[in-house]
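Note that ligands are numbered from 1 as they come in the structure, with each ligand's atoms numbered from 1 the same way. Note that these values count all heavy atoms, side chains included, but never hydrogens, waters or copies made by symmetry. For reference, positions follow the sequence shown, starting with 1.
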Amino acid sequence: MKKAFIKSYGCQMNVYDATRMADLLGREGFVETGAVEEADVVVLNTCHIREKAAEKVYSELGRLRVLKGERAEAGLDTTVVVAGCVAQAEGREILGRAPGVDVVVGPQSYHRLPDLLRRARTERVVDTDFPVEEKFDHLPPRRAAGTSAFLTVQEGCDKFCAFCVVPYTRGAEVSRPVAKLLAEADRLVAGGARELTLIGQNVNAYHGEGPDGAVWSLGRLLRHLAGLPGILRLRYTTSHPNDMDDDLIAAHRDSPAVMPYLHLPVQSGSDRILAAMNRRHDADAYRRLIDRVRAARPDIALSSDFIVGFPGETDADHAATLRLVADVGFASAFSFKYSPRPGTPAAESADAVPESVKSARLAELQELLERQRQGFNHATVGRTVDVLLEKPGRHPGQVAGKSPYLQAVQIEAGTDTIGTVVPVRITRAGSNSLFGELAGAAPAAAA
Ligand code: 5AD
Ligand code: SF4
């Protein structure tokens, strides 16, 4: 039996793509292994968003080269594949920098992987096309995906924020047609999924062709999916503030299946920096938008991404970011030091912020965000919340799941509860999980 080892870096889209590559290799007779040393094919599904992420790939490729040599001495072939956004951004250069690599394949052409592997027997191959054929039409049907599954509804981005490689690595914004999404959703539900997270680089810009010939927005798509039997919960990520339309906000109010959680990156609280980032909205527009979202769904948990140390960022700009965080209040967040990326407009800027200043600002911001996160989690203690149970917990007799607000929750229960939503009284907040007990006797039906 041929074995494949697949490792993903970066965002949820890469996690999704990795499952689809696993499906594809499965059709070719490969079984997935978690042990890289026994793999005949090794796929690194890479991330190019910050320099650190991209550099990780090269150190991993160095280790793989040694492993490949050892396997060769034992008479075993190893094919090393670099997929994902580093593959797209660097293409053939990777072959020069990493001698052990056999295949370089971009995120829009990985459906050709079986053919590329065949060609790799005689030559090193690079495929970073944006092909005209639809990638998704050439992938095998989804296999069982667990209680919570990702569904790619949209790819690419037309926003061109000045710091971001995504419009170059993932290409222009493309929405998949509704009928194809419904077919994929059906399969996921048949395979046991109860929660779907709709993903896209700019998912709330979704504008797919509906079965009625009309263009469907993300709000309409969510409302339709919410009505399908078997689907208990819907989430979506990641969004741009300017694409947060009334219809989508209303879906949070009207559809109980649409979870009260919103990841809405703002990046900075300074109008000057937001303009330099080409975000096309100011800090008050973001505050007003959050007010509208909270008016529709008062208990919504908010999450965001922040970049500190964008070129030209002053202490006053940084203070404006801290003010915005204090005003809004986030349940969770991701924050990063600005990392100049080749080919992006901001990488050309001369007024770089010193590394030590970036570190100090990041620490200050993260301290505030962490206090807010802990505050949010502690506020859940004593409340009863619905938890979707997803997998066995850390200890025997425990089951782990998620609250509507995407908090990890552990309870004492049998594994037969997995896939159901149960009311849980939260008794304690740890640093990364909540702990609770079943409230009420019978679990809610899995539908
Ligand atoms: N430097 C630092 N962070 C970045 N992000 C995107 N590009 C960069 C960069 N060049 C962050 C943004 C984005 C998240 C996915 O990664 O905050 O929302
Ligand atoms: Fe990058 Fe997001 Fe801006 Fe698109 S909207 S360019 S993906 S940060």
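Leu222 has its side chain within reach of Leu248: a pair of non-hydrogen atoms, C-beta onward, lies under 4.5 Å apart. Annotation: side chain of Val293 is not in contact with side chain of Leu264 (no heavy-atom distance under 4.5 Å). Counting heavy atoms from C-beta on, the side chains of Phe306 and Leu362 never come closer than 4.5 Å. The closest side-chain heavy-atom distance from Lys7 to Val36 is not below 4.5 Å.
Heavy atoms of Phe163 found under 4.0 angstrom from ligand 2 belong exclusively to the side chain. By the criterion of a heavy-atom distance under 4.0 Å, the side chain of Pro167, and not its backbone, is placed next to ligand 2.
The aromatic ring centroids of His318 and Phe310 lie 6.0 Å or more from each other.
The nearest heavy-atom contact from the protein to atom 2 (C) of ligand 1 is Lys337 O, 3.3 Å. For atom 4 (Fe) of ligand 2, the closest heavy atom belonging to the protein is Cys157 SG, 2.2 Å. Ranking protein heavy atoms by distance to atom 1 (N) of ligand 1, first place goes to Ser339 N, 3.0 Å. For atom 15 (C) of ligand 1, the closest heavy atom belonging to the protein is Asp305 OD2, 3.7 Å. Looking at atom 6 (S) of ligand 2, its nearest protein heavy atom turns out to be Cys161 N, 3.3 Å. When only non-hydrogen protein atoms are considered, atom 6 (C) of ligand 1 lies nearest to Ile49 CG1, 3.4 Å. Ranking the protein heavy atoms by distance from atom 1 (Fe) of ligand 2 puts Cys164 SG, 2.2 Å first.
With ligand atoms numbered from 1 in the order given, ligand 1 contributes 10 (N) to contacts under 4.0 Å with heavy atoms of Arg341. Within ligand 2, counting atoms from 1 as listed, the ones closer than 4.0 Å to a heavy atom of Val166 are 7 (S). Counting atoms of ligand 2 from 1 in the listed order, those under 4.0 Å from a heavy atom of His240 are 5 (S). Less than 4.0 angstrom separates some heavy atom of Phe160 from each of these atoms of ligand 2: 6 (S).
Taking the ring centre of Tyr58 as origin, the terminal cationic atom of Arg97 falls inside the region bounded by 6.0 Å and 45° from the ring axis. A cation-pi arrangement is absent between Arg373 and Phe330, since the terminal nitrogen or guanidinium carbon is not both under 6.0 Å from the aromatic centre and inside a 45° cone about the axis.
Between Phe163 and ligand 1, at least one pair of N/O atoms sits closer than 3.5 Å.
Heavy-atom distances between Arg279 and ligand 2 reach below 4.0 Å in at least one pair.
For the side chain to side chain contact (heavy atoms under 4.5 Å, CB included) test with Ser148, the passing option among Lys402, Glu195, Arg233, Arg235 is Glu195; the others fail.
Tyr286 places no side-chain N or O within donor-acceptor distance of the main-chain N or O of Val328, the cut-off being under 3.5 Å.
The residue from Gln267, Met277, Arg50 that puts a heavy atom closest to atom 11 (C) of ligand 1 is Arg50.
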Passes salt bridge (charged side-chain N to carboxylate O under 4.0 Å, His left out), Arg297 versus Asp254? Steps please.
CA-CA 9 Å; Arg297 187 73 211 231; Asp254 304 332; over 6 Å; no
